[in-house]
Every structure is written in C-alpha cells, then in structure tokens.
Number of protein chains: 2
Amino acid sequence: MTNASAMLTALGDPTRQSIIDALSREPLAVGELARVLPISRPAVSQHLKVLKDVGLVLDRQEGTRRLYRVDPDALAQVREHLDGFWARSLTAFAQRTRSEEENDDQDDPGDPS
Amino acid sequence: MTNASAMLTALGDPTRQSIIDALSREPLAVGELARVLPISRPAVSQHLKVLKDVGLVLDRQEGTRRLYRVDPDALAQVREHLDGFWARSLTAFAQRTRSEEENDDQDDPGDPS
DNA sequence: ACGAACCGTAAGCTACCACTTACCGTTGCT
DNA sequence: AGCAACGGTAAGTGGTAGCTTACGGTTCGT
C-alpha cells in the first residue's frame, strides 16, 4: 500500500474529513477541535493520531497546547494519486472510442468515402 | 454531506481503491474483477454498488455481462474537493506567515507608513 | 425449452472501528 | 510547591463494514 493510498484510506472517515477541513482554514489545538466537533476530546486525539501517522497533519508544541495543521504537500500527493486514476480513465475512454471506430470499419468493410 | 465527500468516503476502502484502479485502465465485468481481486464475486458486487451509489462508476449491460467503468467527471469532483483543502491550507499558511511578520512589527510598534 | 454463464441480493457471521470514561503525564502560572 | 489547563493513552463497549455461502433472476446459445 503506497503512502498516497494510505492517506486516501485515512480520509475515508467523515469525522477526519471535518478535521482536515477545519485545520485547512487555520491551525487548531485538540481542545478547540473537540469544541467544534460533536465528539469528545480523546476521540479527536485518536483521529489526529491516524492523520499524523499517514503524514496528513503536522503538530507543534505551543506552550501547554499542541497545534495541529495540515501538510499541503501530503494533500498534493493524494490529489496526484487521484489524478492518476482520472488520467488513466480518460485515456482508456479515448482508446475505447478509437476501437469502436475501427470496429465500425470492420462491421461495414466498405470504403466510407 | 456533499457528494464529493461521499465519494471520498467511498474511496476509503482499499479494496474499492483497487477496483477503481483496475476499472480506470479498462472497463471490466464483475466476474473479471473477482478473478483479479482476492475476494468473492458477491463481495465485488457489493463494492460496485457502493461506488455506483456515489456516482464514481457507471455500468452498462453487455449481453449477459455487466461492464463497469469509472466516471472521469466524478473523479474530477473528488480531486477538486481535495484541491479546496489544499488551497485553503496554503492560504492559511501564507496568512500565518504574514501575521508573524506583523507581530515582528508589533514587537517594534514603529509606524509602518 | 433446457442448460450454462453471469450477476444481484438476502442472511449471517466476524472483526474492526469509532466512541466514551478513566487515568496519568506535562506545561505554565502564582 | 501547588494548582489548573491541556492532551495522550489504556480499557471497554456498540455498531457496522466487509466477507462468505446460498439462492433467485436474466440473458444467450443449442
């Protein structure tokens, strides 16, 4: 499992999507996230651990608080991974269209001109 | 929950990621997918239902078989959704850098004009 | 009409995931 | 030193996601 797909898997949880959404606007401490989200503070901590393990968020000690923020480079990696799927699906579609045109030629082998 | 985040959630399962990966290269029938993947054919069917419900894949009856393919537009939606996170995190970072500079100014409250 | 190939769905089970409460360590302030 | 605020982690629980087997429906060939 590549790192990008691991990040994609980590993003599969709606709560973690909300966390990323909030952290993308501004860095937040765990307690601040817990106040916004409908879950307890330990639950937020556990989600943050998952996100940090795959590299989607970074943390920094700020006095007694711990500030979390998203890593834009990691997010870019996931985006490029999806971009790969997208590009392949497009070229596959283009090739399929060409094959159909060739099949049309085969179905009616007469000269179209 | 927007449609893009629902698609992102559906992409959270590694098996579904493999299915998207395979289908992005070429359209496949359910049985063909089951032969490639390490799970049974009904399991593939269930995953395909999830992917189809969120609009990530399209299906087409081809004789007795049912061909599935990825919808490039749907994939583009997810990519743009991630792009939103990415862009916000970048601007947030830029603004934070600016605030730090302003703080430097505040440390020395001389008139900037 | 019969058989074969293909697929969706129901039923059931297991494992894991997300959540909570409880506890403990750390940091900073007075 | 003592207190308060903050946060990570262990332990335990409920729900559900993902898988399998079994069954039924549809389409094509003979």
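Lettering of chains follows the sequences in order, A, B, ..., and the numbering in each one begins at 1.
- Between B:Tyr68 and C:dC6 there is no side-chain N or O to OP1 or OP2 distance below 4.0 Å.
- Between B:Arg65 and B:Val30 the shortest side-chain heavy-atom distance does not fall below 4.5 Å.
- Of all heavy-atom pairs spanning B:Ala92 and A:Ser24, the tightest one is CB-O, 3.5 Å.
- Under a hydrophobic-cluster definition in which Ile, Leu, Val, Met, Phe, Trp and Tyr are linked whenever side-chain heavy atoms come within less than 4.5 Å, directly or via other members, B:Val50 and B:Ile39 are assigned to different clusters.
- Here C:dC7 presents its P atom at 9 Å from CG of B:Leu33, a figure rounded to the nearest Å.
- Rounded to a whole Å, the CZ atom of A:Arg66 is 10 Å from the P atom of C:dT27.
- Cluster annotation: A:Leu11 and A:Leu37 are assigned to the same hydrophobic cluster (Ile/Leu/Val/Met/Phe/Trp/Tyr, side-chain heavy-atom contacts under 4.5 Å, transitive).
- Remark: A:Ile39, A:Ser40, A:Pro42, A:Ala43, A:Gln46, A:His47 in residues 34-57 of chain A come within less than 4.0 Å of DNA chain C through at least one heavy atom.
- Of all the heavy atoms in A:Leu23 and A:Tyr68, the pair that sits closest is CD2-O, 3.4 Å.
- Nucleotide D:dT27 holds its C1' atom 13 Å from the CZ atom of B:Arg65, rounded to whole Å.
- Less than 4.0 Å separates DNA chain C from at least one heavy atom of each of the following residues of residues 7-30 of chain A: A:Asp13, A:Thr15, A:Arg16.
- At least one side-chain heavy atom of A:Leu51 sits under 4.5 Å from a side-chain heavy atom of A:Ile20.
- With rounding to whole Å, B:Gln61 atom CD is found 7 Å from D:dT27 atom P.
- Under 4.0 Å is where a charged nitrogen must lie from a carboxylate oxygen, and between A:Asp59 and A:Arg69 no such pair does.
- Two residues are said to be in side-chain contact when any heavy atoms from C-beta on lie closer than 4.5 Å; B:Leu33 and B:Ile19 meet this criterion.
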